[in-house]
Amino acid sequence: MKKTILITGVAGFIGFHTAKKLLKLGHLVIGIDNLNKYYDVKLKYSRLKELGVYFDTAYTKEINHYNKMYKNFIFRKMDLSDHSRINDLFSENKIDVVCHLAAQAGVRYSLENPGIYIKSNIVGFYNILESCKKYKIPKLVYASSSSVYGNSKKIPFSESDMAEEPVSLYAATKKSNELIANTYSNLHGIETIGLRFFTVYGPWGRPDMALFLFVDAIFKKKSINIYNKGNLSRDFTYIDDIVYGVNLTILKEINSKNKSRIYNIGKGSPIKLLDFIDEIEKITSLKFKRNYMPMQAGDVFHTYSNTKKLVDHYNYQPSTNIKTGIDKFIEWYKNYYEI
């Protein structure tokens with residue numbers, strides 16, 4: 001059965017890939033994004049172009065909504081904090097599921113610009129929940145983050161862990177989202193599903209994330225900063241495996257008495273940062289100039305997802321190994337930047 005799905009943050013990394021997959025499956029997707037300048041906005045416009053949304057060369061005027069492949073896609077530029085416009089969007093469309101992926105991203109940026117995280121991640125999330133309540137949307141799938149675990153010493157991270165000591169404002173806003181969603185589920189009967197993403201990487205990824213930064217540096221012969229002298233590990237999860245899990249939660253109905261649920265979504269096999277860097281060197285046949293640095297404020301030492309809950313409920317089975325994932329990103333990077 002085809003659904004009408006609202007995706008917030010549709011020009012973002014995960015939002016773009018999620019929309020593309022759902023459109024290929026024949027669902028109607030309504031995508032919104034404020035196209036902010038946190039990172040190179042041209043990349044966001046390029047993602048939208050892949051979905052059939054064209055702008056003029058100055059990126060000031062939208063000139064086309066569709067291409068032949070994605071006539072089932074509607075795009076609207078708007079900000080989550082604009083309560084009136086969000087309300088109008090819900091009132092004008094019969095939405096079956098909301099997939100809320102928009103947020104002000106970045107752990108380190110939250111140390112410099114805390115206000116924007118409150119505006120987008122708290123106020124914006126509240127506006128989405130209020131519209132879900134008002135227009136009786138039965139299901140909300142939303143992005144949380146592995147950062148809520150902070151520097152937990154319990155490995156792997158499990159949804160039953162307390163996760164009450166986030167080490168960045170970004171992480172704190174994501175934990176707040178989970179608590180607020182749980183309240184709306186209990187009071188208003190909305191099924192809310194929070195997905196704690198673990199270090200997502202792949203083609204069309206964000207320029208502020210490790211793989212993009214490293215690959216960009218190695219081709220431009222720039223040095224890279226390696227924090228905590230490389231004594232870090234991450235549960236790197238390829239974008240296709242993330243989208244696969246997101247779409248399972250959007251499209252598959254399960255019998256659960258609990259209207260509010262949280263799931264880890266990750267590969268479940270953390271990689272040492274230095275091994276990750278070595279793999280990039282092997283694939284590119286190039287060498288990094290390495291600056292070994294102390295630990296950064298707001299960062300965490302390790303991430304490692306226990307995904308048993310998502311496996312049990314949705315049969316989630318991520319399959320992309322790190323070599324394949326890095327290789328696909330590098331191939332995309334070289335094509336996109338014409339290297």
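The structure presented is a predicted model; accordingly, all values stated were derived computationally and were not measured.
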Smallest separation among heavy atoms of N225 and F214, with atom names: O-CE2, 4.3 Å
Would you check, one step at a time, whether the test side chain to side chain donor-acceptor pair (under 3.5 Å) holds for D235 with T303? CA-CA 6 Å; D235 195 348; T303 65; 5.8 Å; no
Using a strict cut-off of less than 4.0 Å between a Lys/Arg side-chain nitrogen and an Asp/Glu carboxylate oxygen, indicate whether K42 and D40 qualify as a salt bridge. no
Heavy-atom distance under 4.5 Å between the side chains of I5 and I7, does that happen here? yes
So does K175 pair up with E178, basic N to acidic O under 4.0 Å? yes
Which atom names give the shortest non-hydrogen contact between Y227 and L232, and what distance separates them? O-CD1, 3.5 Å
Do you know the tightest heavy-atom contact between Y238 and P203? OH-CD, 3.3 Å
Please confirm whether Y316 and Y244 have ring centers closer than 6.0 angstrom. yes
Would you check if V98 and I128 make a side-chain contact, meaning some heavy-atom pair closer than 4.5 Å? yes
So does K154 pair up with D161, basic N to acidic O under 4.0 Å? yes
Any side-chain heavy-atom pair of L35 and L48 under 4.5 Å: yes
Are Y54 and Y45 an aromatic pair by the rule of ring centers under 6.0 Å? no
Does a salt bridge link D327 with K323, judged by any charged N lying under 4.0 Å from a carboxylate O? no
Between T320 and D241, a side-chain donor and acceptor under 3.5 Å: yes
Looking only at the side chains, is there a donor atom on one of Y135 and N87 sitting less than 3.5 Å from an acceptor on the other? yes
Between N228 and Y292, does any side-chain donor sit less than 3.5 Å from a side-chain acceptor? no
Starting from F198 and following side-chain heavy-atom contacts under 4.5 Å between hydrophobic residues (I, L, V, M, F, W, Y), which residues can be reached? V148, Y149, I155, F157, Y304
Are the side chains of T183 and N186 in touch, meaning some heavy atoms are under 4.5 Å apart? no
What I'd like to find out is whether the side chain of I95 reaches to under 4.5 Å of the side chain of F90, using heavy atoms alone. yes
Short side-chain donor-acceptor distance under 3.5 Å, S158 and S160: yes
Side chain to side chain donor-acceptor pair (under 3.5 Å) between T324 and N321: does it pass, once the steps are laid out? CA-CA 6 Å; T324 300; N321 63 49; 2.9 Å; yes
Please set out all donor-acceptor pairs under 3.5 angstrom arising from side-chain atoms of residues 332-339, sequence neighbours excluded.
{"unit_1": "Y333", "atom_1": "OH", "unit_2": "D216", "atom_2": "OD1", "d": "2.5"}
{"unit_1": "N335", "atom_1": "ND2", "unit_2": "E331", "atom_2": "O", "d": "3.2"}
{"unit_1": "Y336", "atom_1": "OH", "unit_2": "S46", "atom_2": "OG", "d": "2.9"}

Under a 3.5 Å threshold, yes or no: a donor from one side chain and an acceptor from the other, between K44 and N36? yes
Take a 6.0 Å sphere around NZ of K133 and say whether it holds more than 12 heavy atoms from other residues, nucleotides or ligands. yes
Would you indicate whether the side-chain heavy atoms of V29 and T4 approach each other to under 4.5 Å? no
Should we say atom CD of E165 is surrounded by more than 12 heavy atoms from elsewhere, each under 6.0 Å from it? no
Here the pair of heavy atoms bringing N72 nearest to G26 is ND2-C, 3.7 Å
Closest heavy-atom contact between E159 and N264? OE2-N, 2.7 Å
Pairs flagged by side chain to side chain donor-acceptor pair (under 3.5 Å) wherever residues 26-35 is involved - sequence neighbours left out: N34-D79
So for atom NZ, which belongs to K3, do other residues, nucleotides or ligands contribute more than 12 heavy atoms lying within a distance under 6.0 Å? yes
All heavy atoms of H100 vs all of F125, minimum pair found to be CD2-CD1, 3.2 Å
Assess, by modelled atom type and distance only, whether the side chains of T192 and S185 contain a donor and an acceptor separated by less than 3.5 Å. yes
Between Y263 and K309, is there a cation-pi geometry (under 6.0 Å to ring centre, at most 45° from the normal)? yes
Are the side chains of L195 and Y142 in touch, meaning some heavy atoms are under 4.5 Å apart? no
With side chains defined as the heavy atoms from C-beta onward, is the minimum distance between S147 and Y170 less than 4.5 Å? yes
Please determine whether side chain to side chain contact (heavy atoms under 4.5 Å, CB included) holds for the pair Y184 and Y126, giving the CA-CA distance in whole Å, both sets of side-chain angles, and the decisive distance to 0.1 Å. CA-CA 10 Å; Y184 271 73; Y126 161 76; 3.5 Å; yes
Given the options L43, L51, V10, F16 meets side chain to side chain contact (heavy atoms under 4.5 Å, CB included) only with L51
